[in-house]
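Working notes for the structure below.
Keep in mind that what you see is a predicted model, and the values were worked out from it rather than measured.
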Amino acid sequence: HVQLVESGGGSVQAGGSLRLSCAASGSRYSSLCMGWFRQAPGKEREGVALLDADGTTTKYADSVKGRFTVSEDNAKSTLHLEMNSLQPEDTATYYCAATPWRHGSSCTSHRATDFTYWGQGTQVTVS
């Protein structure tokens, strides 16, 4: 069982920046697919940034390309999401997600339903 704990959310003005972190623990899997999703009130959960098991391949939603950067700190088992040039439409609850990587699969092709473990979410509000 994998536990995910997000931190770093908050309120910022448009154009500002935030850095989200997701601490993972309890994993017995050799590799995990991990990513960030967000959900705004009345909207479906959408993928924001996905990271492949090798830690080098990434995929971003078109709406955040060039503004958000996903990275991982393997030594600390932590996933980060650097968010710059934030806009009001980025307002949402942001979730960290993880699922065991399966040989031959691509984490960056995963959808929300493909992820097994989820954090509790952290609120990001941009005004």
Do the rings of Tyr94 and Phe68 sit parallel, tilted or perpendicular, given the 30° and 60° boundaries? tilted
Can you confirm whether the side chains of Ser21 and His80 place a donor and an acceptor under 3.5 Å from each other? yes
Tell me, please, whether Tyr95 has Arg38 positioned over its six-membered ring: NZ or CZ under 6.0 Å from the ring centre and within 45 degrees of its axis? no
Can you see which heavy atom on Thr116 is nearest to which on Pro100, and at what distance? OG1-CD, 4.2 Å
What distance do Arg102 atom CZ and Ser31 atom OG have between them, rounded to the nearest 0.5 Å? 12.5 Å
With a cut-off of 3.5 Å and sequence neighbours excluded, list every side-chain donor-acceptor pair involving residues 81-88.
unit_1	atom_1	unit_2	atom_2	d
Asn84	OD1	Ser17	OG	2.8
Gln87	NE2	Ser85	O	3.2

Looking only at side chains, do Thr93 and Gln123 share a donor and an acceptor under 3.5 Å apart? yes
Gly35 to Leu79 - nearest heavy-atom pair and separation: N-CD2, 3.9 Å
Just wondering, more than 12 heavy atoms not from Glu89 lying within 6.0 Å of its CD? yes
When rounded to the nearest 0.5 angstrom, what distance separates CG in Asp114 from SG in Cys33? 9.0 Å
Considering residues at least two apart in sequence or located in another chain, which fulfil the salt bridge (charged side-chain N to carboxylate O under 4.0 Å, His left out) criterion with Asp62? Lys65
Calculate, to the nearest 0.5 Å, the distance between atoms CG and OG1 belonging to Asp52 and Thr108 respectively. 4.5 Å
Establish whether Val12 and Leu20 are linked, either directly or via other cluster members, by ILVMFWY side-chain heavy-atom contacts under 4.5 Å. yes
What is the minimum heavy-atom distance between Tyr60 and Val64, and which atoms define it? CB-CG2, 4.0 Å
Shortest non-hydrogen contact between Arg67 and Asp90, atoms and distance: NH1-OD2, 2.8 Å
Can you check side chain to side chain contact (heavy atoms under 4.5 Å, CB included) on Leu50 and Cys107, steps first, answer last? CA-CA 7 Å; Leu50 301 177; Cys107 301; 5.8 Å; no
Heavy-atom count around Glu44 CD within 6.0 Å, excluding the residue itself: above 12? no
Can any side-chain N or O of Thr122 pair as donor or acceptor with the backbone N or O of Gly9 at less than 3.5 Å? yes
Grab the two heavy atoms, one from Met34 and one from Ala98, that are nearest each other, plus how far apart they are. CG-CB, 4.0 Å
Taken to the nearest 0.5 Å, the spacing of Leu51 CG from Leu32 CG works out to 10.5 Å
